[in-house]
Structure formats: structure tokens, C-alpha cells
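Given the structure is predicted, the values throughout are model-derived calculations rather than measurements.
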Amino acid sequence: MLSKRNFAMMMIMNLVVLVLFLFSAVLKEYFNDYDVNHAAETEWIDKTDQKMDEDGNPDTGWDSLPGKQQVLYIGTMDNSYYRVMKEWAGYRKKAFRVFSSFEEADEVIQMQEEKKPYLLIDGQLVEKNPKDAAEKLSEYAEQGGVVIFYRLPSYQTIEGCTDLRNLLGIQHLRGESVKLHEIRIYSGFLLGGETCYSFEGVEEPELIDMEREVPWYDISARTKSYMVGFISAEEKESMALNNEDMPAIIWRSNMGSGSVFAVNGDYMEGETSLGILDAMVYETEEYSLYPVVNAQNLSIAGFPDLTVENEEKLAETYGMTNQQFCRDILWPSFVAAAQKNNWKITSYLSVKQRDESKKEPSKNDLIDYLKYFNEESAEAGVSLGRMDSFDIRASVAEERDTLKSWDMDYVFAGGYIRKENKDKLSSLIDGNGQMKYFQDIRTVVGEYEKDQQILSWLTDKITLQNATTDAYRHSYKDSLWLKSLETSLGYSNIQVDIYRVLWPESKADQWEKVAEKMAANIDTYWKPFAAFDKTTISQSDSRVRNFLNGSVESTREGDRIAIRTKDFTGDAYLLLRTHGEKPEEMTGGSWKQVEEDAYLLQLTAAEAFVTLKPEYELYYKE
């Protein structure tokens with residue numbers, strides 16, 4: 001039987017627990033400064049005035065250093081190769097010169113320079129006189145030059161020219177086309193480790209978007225393979241072939257003190273070539289050191305929608321209203337996916353998603369979400385334009401006026417624009433290079449598309465950070481694309497498109513179909529890049545500005561690398577890649593390992609020094 005004394009003690013304990021619970025909730029509410037965007041408190045870094053040299057290329061100001069590096073692009077300008085290779089040269093602050101034919105570039109190639117230019121060549125341009133081109137390029141490589149065939153000459157041209165085969169390191173041509181069983185990219189080239197892309201027994205065949213049939217070149221012993229196609233084990237055994245006989249896709253041919261790289265396929269089209277170019281340069285150097293952004297973003301487009309829209313479809317599909325679905329289903333899913341790997345969410349709200357929506361948006365919903373965001377260290381941005389906006393300026397002005405009427409102090413520093421509105425973006429910018437309606441916007445995220453520059457200055461005050469990945473899909477090319485961008489930029493921006501979920505056109509667009517893919521993709525494919533920081537879009541913006549403004553030079557004496565930076569505001573992030581060495585000591589900053597032979601440096605001073613030591617030291621016992 002329970003005594004009065006024990007009953008009283010139990011009631012007191014329950015009361016204490018209740019009070020503590022309520023008190024913690026009150027404190028949590030009281031100290032939730034939801035109307036402050038803490039991520040936007042970082043310094044707004046303007047674009048550096050970039051001096052141009054006599055050829056119209058960026059002048060990095062390192063004229064005191066011998067041998068300014070150039071990139072010679074030999075090819076046409078009406079393709080995606082040209083755009084992205086110029087983008088790469090800009091990121092690396094290298095002079096970029098264009099020649100429409102091999103003959104046009106011949107005089108420059110034969111010049112004796114301390115730092116020979118990197119030659120980026122379209123192999124189709126040497127088909128007119130392959131023997132002459134091969135002889136000149138062989139001489140160039142033997143003297144220490146780096147030649148990169150971003151597209152090979154035709155199979156017939158290579159077959160008919162011994163000098164060209166020797167230049168490329170091809171000892172035997174086995175066939176104009178071979179059907180591959182799998183493609184393998186080896187570790188140590190692009191970041192992310194070894195990856196195998198199989199064409200057989202795949203659960204989702206629609207994710208296979210790599211070329212399966214390629215010309216079969218058997219390369220010689222003086223070459224090194226980075227990406228190789230494999231036929232089936234049965235075919236290999238029946239033909240009595242070894243792994244080194246398999247069709248080469250990306251390889252290097254050593255000639256004298258130089259190198260010739262070859263790419264068998266379309267892998268240098270689009271932004272994938274950014275990382276491949278950096279990896280090729282790394283393979284030719286004692287070490288490689290270049291700036292990266294060091295930012296991984298999770299961008300949720302069109303969330304939350306503050307107006308009740310598409311009611312009948314949502315009720316039919318999800319059995320609830322827009323408000324319930326966003327609050328009770330979507331937000332908890334985002335939080336769970338983000339918390340698993342410490343992602344920071346940036347969510348681009350919509351006051352309305354369509355111009356014709358007649359219902360009034362909810363201020364209380366916005367306040368609730370800003371509280372949720374603050375609790376999860378997330379950031380709120382705004383959508384620039386609506387679905388099928390007829391007049392984007394009127395739509396954005398209406399969104400601004402609604403938020404302004406609610407008398408909120410939150411600083412919206414990031415904007416999101418759908419691809420159908422991108423060509424209208426310039427109409428939202430005033431004469432000072434700022435947004436007309438949201439003056440605090442410092443960076444804009446563009447909807448995910450393949451053929452677009454990832455990072456750039458939209459104006460002298462606003463950056464552009466285009467989405468790099470669709471969270472609902474991760475194909476073979478998407479995988480290679482991700483590895484390349486992380487190698488070159490240390491950057492990604494995952495797009496979670498909520499417009500598609502709130503306005504589903506088929507069952508494939510429904511949340512239960514895409515949510516599992518989103519969570520699995522985010523959890524799986526970014527694990528090799530965990531060394532890079534997770535950021536919101538404003539935090540990322542500060543790093544993007546530094547990346548676009550800054551330049552780096554380094555020299556090595558013995559085991560010590562001296563690093564000098566220019567035009568960085570605050571810390572600079574660099575990727576150091578070595579060959580069997582690791583940092584032992586560093587002044588002027590710190591480092592952490594990304595993977596074997598790859599290290600992320602954080603420089604806190606304009607000059608830094610890194611001392612290297614062998615990764616594995618040998619000890620001899622007498």
C-alpha cells in the first residue's frame with residue numbers, strides 16, 4: 001500500500017520533472033533568435049580588381065617569379081571543351097591562349113620557354129597531317145612539355161600513322177569498337193578512391209550513362225593507365241589476355257622528360273574535365289598545390305511554400321495539406337538526412353510558387369520554420385522567380401513586399417533561381433551590381449544543369465554557385481562528375497528540388513519515391529570527401545569569393561615547400577597532393593588528410609611553410 005509520504009514524494013518528483021521540462025522549453029524558445037541569419041555575419045568580400053596582361057588573361061602579379069605558366073588550347077570554340085578548359089585556366093590563374101589549328105600554334109610550340117605551356121589539343125585537328133604533328137609534339141614532350149589530347153584523332157588516323165601511335169604510346173590496335181563489361185578508374189588520380197562502373201547486373205539500368213563501346217587501344221609498357229575498360233572474364237580468358245591488355249580510356253605516355261595524355265571517349269566534355277586536368281598536372285609534377293573552396297552545400301529549393309497551393313493534388317497524393325506535408329513529412333526527413341553526416345541545410349523559401357495562387361501566405365509558418373532552421377544551424381534563402389513566371393521582376397517584388405510587410409529582420413543572403421528564369425536574372429540586378437529587391441543577397445544558386453560553369457562572379461558584388469548534383473539521381477557520369485569537382489574545387493552543391501514533389505506529374509515525382517534515393521545518395525557518395533567542410537550557402541559564399549579572387553605560388557627546396565598567397569581575405573584553403581609523402585610540420589596554417597597523398601591545407605597567414613616526409617620510411621637492420 002502506498003503511504004501518504006511516498007505519494008507526496010512521487011508527486012513532488014513529477015512536478016519537478018514537469019517544471020524542468022517546461023522551463024527548458026521556455027528557455028529554448030526565449031533564446032531562439034530566429035530572426036538573425038548567423039551564417040550571413042561573415043565578411044562580404046568584393047571582387048578583386050583583376051589586372052589583365054597583353055593577351056587579355058588575368059595577371060596574377062607574380063611577375064617576379066620566373067616562367068609564367070600558359071595554357072594553349074588548340075581547337076574550336078563552338079563546343080563544351082573550350083568553355084570548361086577556359087574555366088579551368090581561370091580557376092588556376094593561368095594565361096589561356098586559343099588557336100584554331102595546329103599549324104597556327106606551331107610557332108608558339110617551338111619557342112623555348114622555362115615553363116613550357118600545357119598543350120590541350122583536339123586530336124581531330126592533327127588528322128590533316130598526323131605525321132608532321134606527331135613529330136613536333138614528340139619533340140615538345142621530350143623537352144619536358146605536357147601534351148593533353150582531350151579528344152583523340154580517329155581510329156583510322158591512329159592506325160595509319162606510326163609516329164602518332166608512338167606519341168600516344170599505343171603498341172597495338174585491337175578493334176575500332178569493343179563492348180565493355182565494366183569501366184574502372186584507379187585510385188590516386190581523382191579523389192574518392194578506386195571506382196568500378198559495371199554494365200552488367202545493375203539494379204537501375206537507367207543510371208548507366210557512360211559510353212560502353214570504345215576503340216580498343218593496347219598501350220605500351222612506357223605508359224600509365226588511370227581509367228580502363230574491361231571485357232568479361234570469359235572473353236579475357238578465351239583471348240588469353242591480361243589486365244594490361246584491356247582497352248585504355250585515360251592514360252599517360254612518357255616521352256623524355258615530358259608526358260602525353262590521351263582520353264579515349266567524351267570524358268573531357270563539361271565540368272568533368274576540371275578534375276581530370278588537375279589530376280593530369282599532378283601526375284607530371286613532384287607535388288601539386290592549388291586553391292580549393294572547401295565547401296559542401298545542401299540546397300533545398302522551394303521549401304517551405306508559405307501558401308496553400310495545389311490542394312487537390314496534394315490531398316490525393318499525400319492525404320494532407322501543403323502545410324502539413326512540409327512541416328510533418330519533409331522537414332523531419334531533411335533533418336534526419338542532414339544530421340547523419342553533419343550537413344548544413346540552406347532552404348530557399350517561396351512565399352508563393354505560382355503567380356496565380358490566390359490564397360494568402362502565412363507569416364506564422366515562416367516564423368516557425370525560421371525557428372526550426374535556427375535550431376539546426378540551417379539558413380533560409382529566397383526563391384528568385386516562381387514556376388512559369390511571366391514577369392520575374394513583378395514576382396520577386398511581390399515576394400519582397402510580403403516579407404517586408406511582416407516586419408522581419410532576417411537577412412536573406414542567398415537566392416535560388418530555376419533554369420527557366422536564368423535568362424531573366426539580369427533584370428533583377430541594379431546599376432550597382434546588387435539585387436533590386438533583396439539588397440542583402442550576396443550569392444545566387446542556379447538550378448542543376450550539366451553544361452554550365454559552377455562558380456563565377458555574377459556581378460562585382462554577387463557570386464553564382466550553380467547546383468552540382470541532383471539529390472534524387474546519381475548515375476555513373478554523376479559519380480565521375482562528383483569525383484572531378486571534389487578534386488578540382490573541393491566543392492559540391494546538392495540540389496533537393498521540392499517543386500517537383502509539391503507539383504508531382506507522375507508517381508516517380510512522389511516523395512516516397514525520391515526520399516529514399518535522396519537519403520541514400522547523400523549518405524553514400526560524399527563519404528570519401530568527409531574532410532571538406534559542410535557549410536550553408538552564405539558560409540560557402542565567403543570561401544567562393546576567396547577562391548575566385550586569390551592566387552597561390554609555391555617553391556620547393558629539399559623537403560620544404562614555401563607557399564605564398566595573394567588576394568585572400570582571411571583563411572585560404574589549398575589542396576596538396578604528393579607522391580608518397582605527407583606533411584610532417586607546418587607553419588602559417590594547419591592540415592588534415594583527405595585521402596592517401598592528398599591533404600587539405602588551411603592557411604592562416606599570407607606565407608606558409610610545409611615540411612614533407614616519406615609516407616613509409618624504410619629501416620635497415622644490420
Side-chain angles (χ1 to χ4, degrees), residues 47-122 125 136-137 140-141 143-150 258-261 268 271 273-285 287-292 453-457 488-489 546-555 563-568 572 574-575:
K47 181 179 180 181
T48 302
D49 290 333
Q50 189 73 264
K51 294 181 179 179
M52 310 302 287
D53 62 19
E54 63 274 11
D55 297 312
N57 290 296
D59 187 341
T60 60
W62 300 109
D63 293 333
S64 59
L65 295 172
K68 190 175 179 182
Q69 188 78 58
Q70 292 188 75
V71 175
L72 305 188
Y73 172 87
I74 304 173
T76 60
M77 293 187 288
D78 58 351
N79 55 49
S80 60
Y81 295 110
Y82 166 77
R83 180 193 61 76
V84 75
M85 290 177 186
K86 185 175 183 181
E87 178 185 351
W88 174 74
Y91 289 154
R92 297 293 165 250
K93 304 297 189 292
K94 297 184 184 299
F96 187 79
R97 301 182 64 183
V98 180
F99 300 91
S100 58
S101 68
F102 181 79
E103 291 75 20
E104 198 178 310
D106 187 28
E107 183 179 342
V108 179
I109 292 173
Q110 295 187 49
M111 291 176 62
Q112 299 298 318
E113 298 189 50
E114 187 172 345
K115 282 189 177 180
K116 286 187 171 294
Y118 299 123
L119 301 187
L120 310 181
I121 300 180
D122 184 347
L125 296 186
K136 291 175 178 177
L137 291 173
Y140 184 82
Q143 295 173 359
V146 175
V147 179
I148 298 172
F149 280 91
Y150 61 82
S259 300
V260 178
F261 289 89
M268 297 291 278
E271 261 57 26
S273 65
L274 292 175
I276 292 176
L277 288 168
D278 278 319
M280 288 175 172
V281 172
Y282 157 65
E283 282 293 310
T284 67
E285 303 286 350
Y287 70 93
S288 180
L289 182 72
Y290 52 85
V292 292
Q453 185 165 338
I454 301 300
L455 304 171
S456 62
W457 289 100
S488 186
L489 306 177
N546 257 340
F547 172 79
L548 295 174
N549 280 341
S551 54
V552 177
E553 286 288 342
S554 67
T555 55
I563 306 169
R564 293 169 56 196
T565 65
K566 187 174 185 291
D567 292 331
F568 284 92
L574 314 177
L575 188 68

Legend entry - Nearest-0.5 Å distance, CD of residue E553 to NZ of residue K93: 11.5 Å

Inset, instruction - Give a yes or no on whether the backbone of Q70 and the side-chain of K116 come within a donor-acceptor separation of less than 3.5 Å. - result: no

Inset, instruction - Apply side-chain contact (heavy atoms from CB on, under 4.5 Å) to the pair L137 and F149, showing each step before the final yes or no. - result: CA-CA 11 Å; L137 291 173; F149 280 91; 3.8 Å; yes

Inset, instruction - Return the set of residues passing side chain to side chain contact (heavy atoms under 4.5 Å, CB included) with E103 (not counting sequence neighbours), or none when no residue passes. - result: S101

Legend entry - Non-hydrogen side-chain atoms of Y118 and M280 separated by less than 4.5 Å: no

Inset, instruction - Name all residues meeting the side chain to side chain donor-acceptor pair (under 3.5 Å) criterion together with S80; count only those two or more places apart in sequence or in a different chain, and write none if there are none. - result: none

Inset, instruction - Could you walk me through whether L277 and M268 pass side-chain contact (heavy atoms from CB on, under 4.5 Å), step by step? - result: CA-CA 9 Å; L277 288 168; M268 297 291 278; 3.6 Å; yes

Inset, instruction - Work out which heavy atom in P117 is nearest to a heavy atom in L72; give both atom names and the distance. - result: CB-CG, 3.7 Å

Legend entry - Note, W88 side chain near F96 side chain (heavy atom, < 4.5 Å): no

Inset, instruction - Could you check K86 against M77 for side-chain contact (heavy atoms from CB on, under 4.5 Å), going step by step and ending with a plain yes or no? - result: CA-CA 10 Å; K86 185 175 183 181; M77 293 187 288; over 6 Å; no

Inset, instruction - State, to 0.1 Å, how close Y150 and G75 come at their nearest heavy-atom pair, and which atoms those are. - result: OH-CA, 3.6 Å

Legend entry - Spacing of CD1 belonging to I454 relative to OH belonging to Y91, to within rounding of 0.5 Å: 6.5 Å

Legend entry - Donor-acceptor contact present, side-chain N549 to main-chain T48, <3.5 Å: yes

Legend entry - Atom pair CG/CD1 of L119 and I109 - distance to nearest 0.5 Å: 5.0 Å

Inset, instruction - Check V84 against S273 and note the closest heavy-atom contact, atom names and distance. - result: CG1-OG, 3.0 Å

Inset, instruction - Check step by step if side-chain contact (heavy atoms from CB on, under 4.5 Å) holds for M85 and V71. - result: CA-CA 9 Å; M85 290 177 186; V71 175; over 6 Å; no

Inset, instruction - For a side chain to side chain contact (heavy atoms under 4.5 Å, CB included) with F261, tell me which candidate from V147, T284, I276, V281 qualifies. - result: T284

Inset, instruction - Return the set of residues passing side chain to side chain contact (heavy atoms under 4.5 Å, CB included) with N79 (not counting sequence neighbours), or none when no residue passes. - result: Y73, T76, Y81, Y82

Legend entry - Results of side chain to side chain contact (heavy atoms under 4.5 Å, CB included) for L289 - residues two or more places apart only: Y287, V552, S554, I563, L574, L576, L601

Inset, instruction - Drop me the distance from S288's OG to L575's CG, to the nearest 0.5 angstrom. - result: 7.0 Å

Legend entry - side chain to side chain donor-acceptor pair (under 3.5 Å) involving S488 - partner list, sequence neighbours excluded: R92, D278

Inset, instruction - Report the residues that fulfil ring pair (Phe, Tyr, Trp, His ring centres under 6.0 Å) with Y290, sequence neighbours left out, ordered by chain and then residue number. - result: none

Legend entry - Note, L274 side chain near E87 side chain (heavy atom, < 4.5 Å): yes

